[in-house]
Amino acid sequence: MKKAVRIKISEYYLAQKSELIKSYGLGSCVAVVIWDPKKKIGAMAHILLPSSNNSSDASAKYASSAVATMLGELVKAGANQKHLIAKLAGGANMFPRKFNPYLQGPGANIGRRNIQAARKALLSQKIPIVAEDVGGEIGRTIEFNSETGELVVHKSNGETKII
Amino acid sequence: MSLEKMNLDKAQVDALKELCNIGMGHATTALAKLVNKTIYFDVPLVTKSKISKVPELIGKEDEIVVGIYLRFQGPITGNILFLFPRESVIMLRRVITGAESCELIFDEYQTSLLKELGNILAGSYLSVMEQVLGMRLVQSVPWFAFDLASAIIDPILIQMGKNSDHIVLIEAEFFVLENKELRGKFYLLPDPDSVLQMLKAIGLGV
């Protein structure tokens with residue numbers, strides 16, 4: 001297994017066989033993984049916003065364009081669109097009002113909107129979401145293995161989950 | 001002119017630094033009264049950065065910190081974030097309340113204490129900005145988070161990223177000299193369009 005490739009906000013990476021993709025400190029951002037289990041290639045994007053209201057050079061900044069771009073790259077790399085599956089992580093509410101739920105912090109819905117936009121983008125491309133670890137009030141560091149399709153989610157409270 | 005295409009020149013960077021210097025002077029004086037210790041701060045840094053690079057500028061990828069966040073509004077809008085390492089939170093509580101405990105507990109009392117601290121610091125900083133820029137600014141209530149620094153700043157970057165891929169980060173670290181365990185970081189992140197308005201207000205507009 002090679003060293004993990006690290007992606008930042010608004011970036012995506014296409015992993016060939018036996019590669020790891022890692023993204024640190026997802027808060028309200030959402031990460032989308034698309035994987036071909038037969039070809040064992042996959043891609044991961046670290047998405048900032050649901051959709052664009054201006055032009056931007058960062059192709060994985062928005063959920064809709066990130067999914068479309070990754071799909072195009074995967075098919076070009078030999079993936080079969082019919083076999084593709086997706087996984088999601090992130091989309092937390094980082095400033096919850098623990099002691100006054102009626103007063104929600106800024107961005108209380110930002111995470112949720114990112115999750116919904118990612119789901120919608122995947123649905124419109126007919127890519128089924130097979131696993132998710134989304135929402136809540138906690139940061140996540142994630143690692144995707146293109147060989148096994150596993151997405152390891154390290155939560156900031158020390159919990160680790162494989163989806 | 002948008003922030004996207006412009007580079008800050010030396011005079012503009014210096015002006016933003018000086019503004020931060022005066023603001024930090026006031027904020028640390030307020031903090032000093034509260035903890036009854038002299039508070040020092042480092043020379044402010046002003047960085048224009050791609051949004052994707054901000055998380056690595058503000059903290060280690062695996063360090064869990066306390067974040068106090070406020071938004072301000074007026075003729076200009078933006079965000080103020082304080083990040084405290086966990087040991088500093090314990091030290092702060094000790095000097096403010098006299099509590100001996102080394103345990104990190106975030107119940108209503110503890111989070112209120114930290115939020116109020118953020119409130120006071122942000123308030124004194126913003127009052128300087130109001131005077132220098134000649135505008136009235138209103139601050140939001142403070143919000144609290146205990147998490148990875150990059151995860152805490154995420155919702156702020158999302159908000160700022162709607163209209164820009166670049167932001168200006170103004171930062172300064174403050175600390176108690178005899179006990180470096182008591183330290184924190186101040187971040188001012190004006191919304192991208194507001195950076196230009198700030199420069200205009202101090203006569204360095206483009």
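Order of the sequence lines sets the chain letters (A, B, ...), proteins ahead of strands, with each chain counted from 1. Only this structure's heavy atoms are used, side chains among them; waters, hydrogens and symmetry mates stay out.
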Inspect the surroundings of NZ in A:K8 and state if more than 12 heavy atoms from other residues, nucleotides or ligands are less than 6.0 Å away. yes
If I measure from the heavy atoms of chain A, does B:I153 come under 4.5 Å with its side chain, its backbone, both, or neither? neither
Examine whether an atom of A:I138 lies under 4.5 Å from a heavy atom of chain B, and if so say whether it belongs to the side chain, the backbone or both; otherwise answer neither. both
Are A:S28 and B:D154 close enough that a side-chain donor and a side-chain acceptor fall under 3.5 Å? no
Identify the heavy atoms of B:P155 and A:I110 that sit nearest to each other, and give their distance. O-CD1, 3.9 Å
Hey, could you give me the CD/OG distance between B:E61 and A:S23, rounded to the nearest 0.5 Å? 10.5 Å
B:L148 and A:G139 have their tightest heavy-atom pair at CD1-C, 4.4 Å
Segment of A:N114 engaging chain B (4.5 angstrom heavy-atom cut-off): side chain
Under 4.5 Å from any heavy atom of chain B - which part of A:L49: side chain
Is a salt bridge present between B:E56 and A:R6, judged by a nitrogen-to-oxygen distance below 4.0 Å? no
NZ of B:K48: more than 12 outside heavy atoms within 6.0 angstrom? yes
Rounded distance [0.5 Å steps], OG in A:S10 versus CG in B:D165: 6.5 Å
What distance separates A:M94 CE from B:S150 OG, expressed to the nearest 0.5 Å? 8.5 Å
Specify the closest pair of heavy atoms between A:Y62 and B:K162, including all atoms of both residues, with the distance to one decimal. OH-O, 4.4 Å
Gap between atom CZ of A:R113 and atom CD1 of B:I158 - 0.5 Å precision: 9.0 Å
Applying ring-ring contact (aromatic ring centres under 6.0 Å, His included) to B:Y69 and A:F95, what does each step give before you reach the verdict? CA-CA 8 Å; B:Y69 167 53; A:F95 294 105; 5.1 Å; yes
Kindly say whether B:G161 contributes a backbone atom to a donor-acceptor pair with the side chain of A:K61 at under 3.5 angstrom? yes
Applying a strict 4.5 Å limit to non-hydrogen atoms, the region of B:I152 in contact with chain A is both
